[in-house]
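Notes for the one structure printed next.
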2 protein chains.
Amino acid sequence: MATRREELVSVAARLFAERGYHGTSMADLAEAMGVQKGSLYSLTGSKQELLVLVTREGAVAFHGALDAVPEDDEAPLERIRRALRGHLAVVAAQVDAATVFTREWRFLEEPERTAFRAERRRYEERWGDLLREAAERGALRSDLDVPAAVLLVLSAANWAYTWIRPGADTDALADRFFVILLDGVRGYATRPA
Amino acid sequence: MATRREELVSVAARLFAERGYHGTSMADLAEAMGVQKGSLYSLTGSKQELLVLVTREGAVAFHGALDAVPEDDEAPLERIRRALRGHLAVVAAQVDAATVFTREWRFLEEPERTAFRAERRRYEERWGDLLREAAERGALRSDLDVPAAVLLVLSAANWAYTWIRPGADTDALADRFFVILLDGVRGYATRPA
DNA sequence: CCTACCGATCGGTAGG
DNA sequence: CCTACCGATCGGTAGG
């Protein structure tokens, strides 16, 4: 059973995602909670605190998805596929938190803003590790431009909040991306030998 | 020589990109223009009008980049490469307008908001056409998942405003993406025959 | 959780 | 382009 505080955090996630942090007023949140504006301050210290909690929720979810990727060193490509599935699953299950994590985080005040950037960088580096390890194990082509590949896959992941609908088959979507990333859009015929 | 009105539009692009539409006040814009707040209303009718102008600037720039792609039907892959170069070049040359176009458009009021969405859909469809035509001409693998490929390439394009720095060699960056999109991250060795 | 209120700021206008 | 101002709303607080 969700506490009123937890309810408020999830309402904040929804409205921050819909209208933006600065486009959402405490009065908006109060109305969505069915209480008067002043009453919110028994549940949170400030609007900014709600932003901190929602972005943190996103960070935890995305890192958690990567944590769930099996450690199996024998299948580095499969690990990448799992990571992509995991990321898209988080976006579908927690669109609002994912949206705030990806788009509204910049309205965090210091020092949380800097801490957030470090946290996000850490997430991106974990993706970099996944690809780098796969390359080192020979599962990726030896002449691969790893930084560009990381940026490409993170672009797909980070843009997902704009189009994923809750309830979508994210595993299938992730696999469709994965197939293209693996072997490219070009036909075998025109591929160099 | 830029008029004061044009200056205001470009200042609005910068601040809307930096602080968000709702995070930017008319007082902020006035300060950046070096005038009093009330004076802005001889240059624009409203803050919302500025948002309309900036998003429109982005739309014109992105469509213009696609218009500049040569019509040569003999080289459908080259056209895709050119389109990617063009998009990233716009992002680098007009980061602020590109950012507002990609992220702040949702604060447009009706009916401009709906019109914007149609415009953006048209842009995405032009990308879809590029890939579909390439597929039809046999330049892409026959079993390609075209919708997923379009979404992947648009993800890379739409996410670019978050990391591209003005002055970057966007042609080289576009080509690095293009190479990966073409033949994938996997090595030749493990590729099916 | 409510009522009542705070000073500050919001986008915008009038008149010059 | 300025000064002076409008009513509305902002995030937040006091006291119950």
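From a predicted model like this one, the values you see are computed outputs, not experimental measurements. First the proteins, then the strands, lettered A, B, ... as listed; each starts at 1.
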| Dot-bracket for DNA chain C, 5' to 3', counting Watson-Crick or G-U wobble pairs under 3.5 Å, with [ ] for crossing pairs and | for inter-strand pairs? | ||||||||||||||||

| field | Pairs involving residues 36-57 of chain A, ordered by first then second residue, that meet ring pair (Phe, Tyr, Trp, His ring centres under 6.0 Å) (sequence neighbours left out) | value | none

Qualifying salt bridge (Lys or Arg N to Asp or Glu O under 4.0 Å) pairs with a residue from [range], counting only residues at least two apart or across chains:
{"range": "residues 35-52 of chain A", "value": "A:Arg5-A:Glu49"}
{"range": "residues 153-164 of chain B", "value": "none"}
{"range": "residues 162-174 of chain A", "value": "A:Arg85-A:Asp171"}
{"range": "residues 86-105 of chain B", "value": "A:Arg106-B:Glu104"}

| message | For a 4.0 angstrom threshold against heavy atoms of chain B, report the outermost contacting nucleotides of DNA chain D in 5' to 3' order. | response | D:dC1 to D:dT3

| query | Mind checking what makes side-chain contact (heavy atoms from CB on, under 4.5 Å) contact with A:Glu109, not counting sequence neighbours? | reply | A:Gln48

| task | Applying ring-ring contact (aromatic ring centres under 6.0 Å, His included), name anything that partners A:Phe107, two or more places apart in sequence or on another chain. | result |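 Scan of A:Phe107 (ring-ring contact (aromatic ring centres under 6.0 Å, His included), adjacent residues dropped) gives A:His22.
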
| task | Taking ring-ring contact (aromatic ring centres under 6.0 Å, His included) as the test, write out the residues that go with B:Tyr161, two or more places apart. | result | none

| task | Tell me, please, which residues at least two apart from A:Arg4 pass side chain to side chain donor-acceptor pair (under 3.5 Å). | result | A:Glu7

| Can the ring centroids of A:His87 and A:Tyr123 be said to lie less than 6.0 angstrom from one another? |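 Ring-ring flag for A:His87/A:Tyr123: true, centres closer than 6.0 Å.
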
| message | For DNA chain D, which residues of residues 28-52 of chain A approach it to below 4.0 angstrom with any heavy atom? | response | A:Lys37, A:Gly38, A:Tyr41, A:Ser46, A:Lys47

